Amino acid sequence: MFGERTALPVNDAISGFFDFYQGYCVPIFKDNIKKNEQKPVQTFYITRMETRYNHKEIESKWLKNWDEQKNFKPASDANPAAKGQEHFSVVIPPPNVTGALHLGHALNNTIQDILIRYNRKLGKNTLWIPGTDHAGIATQAVVEKRLLQDEKKTRHDLGREELVKRIWKWKDEYEARITSQLKLLGSSCDWDRQRFTLDPICAKAVRYAFFNLFKKGLIYRGKRLVNWDTHLHTAVADDEIYHETVKGHFWTFKYPLADGSGYIPVATTRPETILGDTAVAVHPEDERYKKFIGKTLLVPFVNREIPVIADAILVDMEFGTGSVKVTPAHDPNDYATGLRHNLPMLNILNEDGSLNENAGEFKGLKGEKARAAVVEGLEKSGLLLKVEDHEMQVGKSDRSKTIIEPYLSDQWFLKMDKLAERAMQAVENGEVKFTPARYAKNYLNWLGEKRDWCISRQLWWGHQIPIWHVENSQLSTLNSQLKKHFATRSDIHFYQAENGDWLVCSLEKDLQENEIEGLKLVRDHDVLDTWFSSALWPHSTMGWPEQTDLLDTFYPTSVLVTARDIISLWVARMVIFSQENMGKIPFDNVYINPTILDGLGRRMSKSLGNGVDPLDIIEKYGADALRFVMCSMCTENQEARLPVKKEILEDGREINVSEKFEIGRNFGNKLWNAARFLSSYIVESGELRVESCANLEDKWVLSRLNTVIRQIQIALQNYRFSEYAAIIYHFVWDDLCSRYLEIKKGDISKESGSLLSHSLYTVLDLLHPIMPFITEELNSILFPNSQRVILRQWPKANEDLINAEIEKQFEDVFAIVEAVRSVRGRYSIAPAQKIAAVARTPANLENCKNMIADLSGLSSFEFGGNLNKPAFSASVVIPDGELFIPLEGILDREKEAARLKKEIEKAESFATSLEKKLSNENFVKNAPAAVIDGERQKLATQKDIAEKSKVALKELGII
RNA sequence: GGACAAUUAGCUCAGUUGGUUUAGAGCGCUGCCUUCACACGGCAGAGGUCACAAGUUCAAAUCUUGUAUUGUCCACCA
């Protein structure tokens with residue numbers, strides 16, 4: 001058993017006395033000693049570790065463990081005293097229940113979890129509230145689409161109640177999937193506090209927010225031009241529209257004067273809207289048309305009289321005929337013109353997009369048919385002047401993919417001017433900080449427009465507007481009747497709208513149709529825009545309008561992590577609603593994470609088939625690997641590309657993967673194996689006895705470790721996630737494994753065991769926020785008596801141990817090692833074959849002689865200030881000296897000469913440029929002394945290299 | 001049209017206030033090594049006039065302006 005290198009499988013059953021034998025940990029069984037007489041010696045739990053890190057079982061094990069131990073819950077849940085301490089809270093940007101999570105979500109939630117885990121380890125009272133969004137129009141559209149596919153039915157076949165029931169079913173299914181995905185990712189959310197934007201708690205917040213705004217007169221109802229989806233029969237937001245370039249025509253026709261004295265030529269891309277014209281506009285300074293201003297025209301087909309108006313905003317004299325037909329009810333610019341000139345707004349469309357009775361003979365026609373019929377009519381009556389081809393942009397609905405019609409309809413609006421102003425101030429005065437800072441501009445620009453927000457949607461899925469219309473609004477006694485009935489009700493507010501309707505808003509209780517005798521109350525059919533409930537998210541999830549403990553302890557939240565495309569839609573509105581409802585901002589910081597694109601710079605989407613499913617990646621590479629790569633991708637850039645490739649699994653399923661995730665998996669495996677190797681040498685719980693670290697390499701690794709702790713802290717404070725990942729990666733791989741472990745592996749003493757344990761222990765802490773599973777697992781194997789990584793204290797940098805001099809000295813030593821290895825490489829000398837080396841240097845290398853010999857496979861190593869160059873040796877310039885490697889029999893003079901020549905050339909050209917720089921008077925006069933010194937030193941080094949290489953070259957000839 | 005970005009090795013990207021960077025990392029590539037933690041590994045190496053042009057400066061991948069290409073968001077095109 002002695003000398004067997006594998007870690008010994010020691011478990012509870014055979015734990016006992018241990019000893020070290022040639023560096024291996026060995027159990028000593030002394031059966032004749034009674035158990036209670038055995039002295040309490042350090043107990044080892046050495047588990048047999050696989051040569052490869054196997055993420056699957058380990059991940060599920062720790063998910064279960066953390067959950068059982070309630071580690072994701074805030075400290076104040078178990079210990080009310082913790083309420084007083086500093087808090088760190090985050091609310092999740094609630095994913096839409098339209099579908100499963102994609103890689104963008106994985107990135108977003110990884111970042112949140114990193115921040116949560118880091119702050120939890122800092123000892124703060126930490127809460128992350130998870131949840132999902134009902135995503136009104138998107139979800140309803142998905143369910144309707146499926147309904148049509150599977151059952152060939154429309155929502156009207158089902159009715160409102162049944163459709164909503166179906167959507168709830170869909171929601172349950174996808175909410176469960178989303179939750180499970182988030183859990184598998186390792187998200188340490190407080191799952192008991194999961195919310196849904198349509199659940200009773202959020203619904204209550206919506207009712208209160210709406211009621212308050214309504215009472216303040218900030219919510220109003222009005223006829224406005226909206227983007228109308230003729231397929232879904234609903235208004236859609238500007239941002240739910242995309243534009244497509246289509247080939248159309250530009251028709252020019254005669255607009256006849258009412259007195260028959262002539263016509264104005266007018267051009268249009270949408271001739272069917274002629275039927276809704278209420279004016280023709282010309283530029284006030286247009287000599288061609290000045291004389292027509294104020295005259296009356298006749299609308300073709302319907303013979304309505306309309307005026308010729310002058311408008312310098314709408315009309316561009318250079319474009320088309322220089323005259324514009326004005327259709328206020330069906331075009332945004334014309335609508336604005338209509339408002340300026342007080343023109344009638346004539347609606348010519350039905351909800352389904354067909355022409356209504358205002359269109360006269362064309363009534364009932366729709367879309368292209370209506371257009372063709374009108375054009376034909378114009379042609380027949382001799383009014384058509386010409387037809388040109390014309391490319392134009394057509395707005396289409398994101399959801400139904402059908403053409404959007406600007407449409408005049410009754411909608412609910414929120415007055416934005418004052419609310420927006422206040423929300424802008426929060427960012428302008430630095431209360432809310434964006435990272436990266438440039439995104440603040442995005443926010444301010446959008447709010448600066450102060451457009452009223454259309455908050456109603458003609459959908460069935462969502463928060464139904466808590467307004468009841470009084471049907472008998474013509475009754476003159478209505479006002480007093482309402483007043484009388486609701487006299488004692490502070491939860492009711494009502495008023496008469498601009499169109500004469502009486503509107504009653506109820507705070508909590510739904511009103512009955514026959515609530516007031518003789519009157520009929522009908523609830524508004526519309527639901528609220530999804531973003532209305534999302535805007536309340538930070539405080540609705542914590543129970544507002546109730547005065548909850550949660551709000552007390554965790555509001556405002558610490559940071560919002562989200563994507564840049566919803567800065568205006570969501571971030572801005574949360575600030576507005578939080579200021580309005582809570583009287584404070586909802587979060588101190590907004591971190592905008594990059595958008596993930598595929599290798600060709602395209603967004604990932606179902607239709608392109610380039611999406612990567614996080615679950616596939618977790619399955620193949622592990623959650624830690626996924627998280628590590630997500631973290632590495634988080635730079636200040638606004639996008640991050642991920643080359644995607646197809647892969648066919650054993651079960652025949654085709655999935656998208658990316659080689660990038662190998663970095664994360666390999667890194668985990670590297671750490672795993674370092675730990676596996678060290679598992680035999682772990683002697684204590686990671687505590688460090690600094691006094692035992694006397695060697696150069698010990699001091700060096702301690703210095704590096706503490707530097708890394710400091711660097712990571714700075715990176716995390718500044719949301720520099722990719723930097724964080726890179727720092728810990730290189731420390732583990734290069735410093736700890738490639739260098740320190742390689743130095744120590746031949747002979748691990750108790751002291752170095754202690755330092756190695758300490759380093760590894762600290763690495764587990766530092767890496768935990770990114771890779772929670774493997775760190776927790778390794779900790780349980782190596783340090784079974786310590787507290788779990790998730791909860792224990794984040795390491796503090798010990799500045800006293802950071803030593804730049806030692807780090808420099810160590811680099812010089814490694815330059816020697818690398819010089820020898822380089823010669824080995826050049827001559828293909830097998831690693832097993834020992835060679836000799838001689839260093840001519842004034843430096844005292846006594847304390848690292850063995851280290852150098854070990855790492856570069858030397859049979860002998862001499863050093864000294866006056867040593868001669870051995871015959872037949874290769875020479876390499878090292879810091880402060882030269883290194884010679886005798887290679888009798890294999891030395892290739894040509895090869896050496898070529899290399900030396902190249903080296904000389906390089907050093908001399910560098911030296912020349914440095915000399916030039918240093919001889920520049922202005923440089924010497926202006927540059928800081930440190931820079932000049934640096935350049936002088938560089939010059940000396942280069943000259944030294946050139947000089948020594950020249951000597952070596954010369955010597956080659958005389959061997 | 002406006003705003004915001006990007007352009008650095010074959011690919012994906014770092015490079016924080018201009019000077020220890022004639023430029024780093026990972027993958028890929030070449031050669032050697034299955035050495036008792038790890039081949040998801042080790043060692044060595046090749047590979048870049050930092051998109052282009054002008055300017056500021058003693059000094060520019062880094063700052064300014066312009067050009068080209070690409071992307072995202074916003075607005076809009078009778």
Side-chain angles (χ1 to χ4, degrees), chain A residues 3-7 49 51-53 238-239 243 250 266-270 273 281 314-316 319-327 331-334 391-393 438-439 441-442 445-446 449 564-565 567-568 595 597 599 601-603 621 625 632-633 635-643 658-660 662-663 665-680 714-715 718 720 722-723 726 729-730 737-738 741-742 745 818 821-826 828-832 856-857 906 909-910 913 917 920-928 930-935 937-938:
Chain A
E4 192 178 321
R5 198 65 196 251
T6 46
M49 293 170 72
T51 54
R52 280 197 187 175
Y53 171 58
D238 290 346
D239 42 83
H243 293 273
F250 204 34
V266 175
T268 180
T269 56
R270 301 177 62 206
T273 61
L314 181 68
V315 183
D316 171 4
F319 190 86
T321 58
S323 56
V324 186
K325 59 191 268 323
V326 184
T327 323
D331 180 278
N333 286 313
D334 293 3
E391 265 196 4
M392 55 183 185
Q393 301 276 312
R438 67 184 125 90
Y439 290 114
K441 206 169 172 183
N442 212 321
N445 285 350
W446 185 81
E449 289 177 20
R564 71 178 190 285
D565 51 347
I567 290 173
S568 46
T595 309
L597 305 175
R602 304 172 303 180
R603 281 187 101 89
Y621 299 101
S632 309
M633 288 176 86
T635 65
E636 291 226 346
N637 210 325
Q638 63 183 9
E639 54 215 30
R641 289 189 188 195
L642 188 87
S658 176
E659 282 182 356
K660 270 211 162 185
E662 289 176 9
I663 302 169
R665 180 200 57 189
N666 294 354
F667 180 49
N669 193 56
K670 186 75 181 179
L671 180 69
W672 177 263
N673 275 289
R676 187 164 77 95
F677 173 62
L678 287 176
S679 62
S680 326
I714 294 169
N718 293 290
R720 287 209 259 265
S722 76
E723 216 168 279
Y729 179 93
H730 289 293
C737 293
S738 295
L741 223 49
E742 289 301 323
K745 76 198 305 185
E818 275 155 21
R821 285 173 173 175
S822 171
V823 170
R824 274 184 180 280
R826 201 151 64 241
S828 302
I829 301 166
S856 41
K906 204 175 135 197
S909 103
F910 195 2
S913 81
K917 198 171 184 180
N920 182 338
E921 270 177 44
N922 285 322
F923 172 70
V924 182
K925 204 163 65 190
N926 294 318
V931 172
I932 298 170
D933 265 8
E935 298 297 299
Q937 231 159 57
K938 268 196 261 178

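Reminder, nothing fancy here: chain letters follow the sequence lines and each chain counts from 1. Hydrogens, waters and symmetry mates play no part in the numbers below; they use all other heavy atoms, side chains included. Quantities reported herein were computed from a predicted structural model and do not represent experimental measurements.
Atoms CD (Q638(A)) and P (C73(B)) sit 10 Å apart, rounded to a whole Å. Residue F677(A) contributes atom CZ, which lies 11 Å from atom C1' of C38(B) at whole-angstrom precision. Between the C1' atom of C40(B) and the CG atom of N673(A) lies a distance of 9 Å, rounded to the nearest Å. Going from atom CH2 of W446(A) over to atom P of U72(B) covers 22 Å, rounded to whole Å. Remark: C1' of C74(B) and CD1 of I567(A) are 12 Å apart, rounded to the nearest angstrom. Atom P of nucleotide G45(B) and atom NZ of K906(A) are separated by 11 Å, given to the nearest angstrom. Rounded to whole angstrom, the span from the CD atom of E449(A) across to the C1' atom of C74(B) amounts to 7 Å. Summarising the geometry, the separation between NZ on K938(A) and P on U21(B) is reported as 7 Å, rounded to the nearest angstrom.
For A59(B), the base has no donor-acceptor partner in the side chain of K917(A) [N/O atoms by modelled type, under 3.5 angstrom]. No donor-acceptor contact under 3.5 Å links the side chain of R438(A) to the base of C4(B). Between the base of A37(B) and the side chain of E742(A) there is a donor-acceptor pair shorter than 3.5 Å. Judged by distance alone, with hydrogens and angles left aside, R564(A) brings no side-chain donor or acceptor close enough to the base of U72(B) to form a pair under 3.5 Å.
Distance noted for atom C1' between A68(B) and G26(B): 30 Å (whole Å). Taking atom P on both A5(B) and A14(B), the two are 14 Å apart, rounded to the nearest angstrom. For the C1' atoms, the distance from C11(B) to G19(B) is 32 Å, rounded to whole Å. If you take atom C1' in U30(B) and the same atom in A46(B), they sit 7 Å apart, rounded to whole Å. A75(B) and U16(B): their P atoms are spaced 34 Å apart (whole Å). The same atom, C1', is picked in A6(B) and in G15(B); the two are 15 Å apart, to the nearest Å. A gap of 8 Å separates the C1' atoms of A23(B) and A61(B), to the nearest Å. Taking atom P in both U12(B) and C74(B), the straight-line distance is 26 Å, to the nearest Å.
Phosphate proximity of C58(B) to N926(A): present, with a side-chain N or O under 4.0 Å from OP1 or OP2. Put simply, S822(A) has a side-chain N or O that comes within less than 4.0 Å of OP1 or OP2 on G45(B). A sub-4.0 Å separation between OP1 or OP2 of C38(B) and a side-chain N or O of T51(A) is absent.
The residue among G322(A) and F667(A) whose nearest nucleotide of RNA chain B is located toward the 5' end is F667(A). In terms of position on RNA chain B, the residue among E723(A) and N442(A) whose nearest nucleotide sits closer to the 5' end is E723(A).
In this structure, N922(A) and N920(A) approach most closely via the heavy-atom pair N-OD1, 2.9 Å. G857(A) and R824(A) get closest at one heavy-atom pair: O-NH2, 2.7 Å. Here the closest non-hydrogen pair linking V266(A) and K325(A) is CG1-N, 3.7 Å. When all heavy atoms of E636(A) and R438(A) are compared, the closest pair comes out as O-NH2, 2.5 Å. The two residues T635(A) and S632(A) make their nearest non-hydrogen contact at CG2-O, 4.3 Å. In terms of heavy-atom proximity, A927(A) sits nearest to I932(A) at O-CD1, 3.5 Å.
In the set C58(B), G42(B), U12(B), G42(B) carries the atom at the smallest distance from any side-chain atom of S738(A). Nearest nucleotide to the R720(A) side chain, out of U12(B), A6(B), U16(B): U16(B). Closest to the side chain of C737(A), from the set A14(B), G19(B), A37(B), is A37(B). Taking only side-chain atoms of K745(A), from C-beta outward, the nucleotide of A37(B), C58(B), U12(B) with the closest atom is A37(B). Nearest nucleotide to the side chain of F923(A), out of C13(B), C40(B), C58(B): C58(B). For H730(A), taking side-chain heavy atoms from C-beta onward, the closest of the listed nucleotides C58(B), A25(B), C13(B) is A25(B). Side-chain proximity of P928(A) to the nucleotides C73(B), G19(B), A37(B) is greatest for G19(B).
Residue A927(A) is classed as a base contact, given a heavy-atom separation below 4.0 Å to a base. Using a 4.0 Å heavy-atom cutoff across all strands shown, K925(A) reaches no nucleic acid atom at all. Looking at heavy-atom distances under 4.0 Å, E639(A) makes contact with sugar-phosphate atoms alone, never a base. Within the nucleic acid shown, K441(A) comes within 4.0 Å of sugar-phosphate atoms alone, with no base atom in reach, counting heavy atoms only. Nucleic acid contact for S722(A): none, since no nucleic acid atom lies under 4.0 Å from a heavy atom of the residue. Backbone-only engagement by T268(A) is indicated by non-hydrogen atom pairs under 4.0 Å involving sugar-phosphate atoms exclusively. Residue contacts for K670(A): at a heavy-atom cut-off of 4.0 Å it reaches a base atom on one of the strands shown. Among the atoms of the strands shown, only primed sugar atoms or phosphate atoms (P, OP1, OP2) are found under 4.0 Å from some heavy atom of A640(A). Residue-level contact check: N718(A) touches neither bases nor backbone, having no heavy atom under 4.0 Å from any strand. At a threshold of 4.0 angstrom between heavy atoms, the contacts of R821(A) are confined to the sugar-phosphate backbone, with no base atom among them. Y729(A) comes within contact range of the sugar-phosphate backbone alone, with a heavy-atom separation under 4.0 Å but no base atom that close. At the heavy-atom level, E662(A) lies nowhere under 4.0 Å from the strands shown. Within the nucleic acid shown, E818(A) comes within 4.0 Å of sugar-phosphate atoms alone, with no base atom in reach, counting heavy atoms only.
Residues W446(A) and I567(A) are not in side-chain contact: their nearest non-hydrogen atoms beyond the backbone lie 4.5 Å or more apart. Between K660(A) and R641(A) there is no side-chain heavy-atom pair separated by less than 4.5 Å. Residues V326(A) and L314(A) meet the side-chain proximity criterion, which asks for heavy atoms closer than 4.5 Å.
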Kindly list each side-chain donor-acceptor pair under 3.5 angstrom involving residues 666-674 of chain A, sequence neighbours excluded, with atom names and distances?
residue, atom, partner, partner atom, Å
N666(A), ND2, E662(A), O, 3.4
N669(A), OD1, Y53(A), N, 3.1
W672(A), NE1, E50(A), O, 2.7
N673(A), OD1, R676(A), NE, 3.1
N673(A), OD1, R676(A), NH2, 3.4
N673(A), ND2, T51(A), O, 3.0
N673(A), ND2, N669(A), O, 3.0

Under the rule of Watson-Crick or G-U wobble with both distances under 3.5 Å, where | means paired to another strand and [ ] a crossing pair, RNA chain B maps to (((((((..((((.....[....)))).(((((.......))))).....(((((..]....))))))))))))....

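With salt bridges taken as basic N to acidic carboxylate O contacts below 4.0 Å, none links R821(A) and E818(A).
In this structure, S658(A) contributes its side chain and P643(A) its backbone to a donor-acceptor pair below 3.5 Å.
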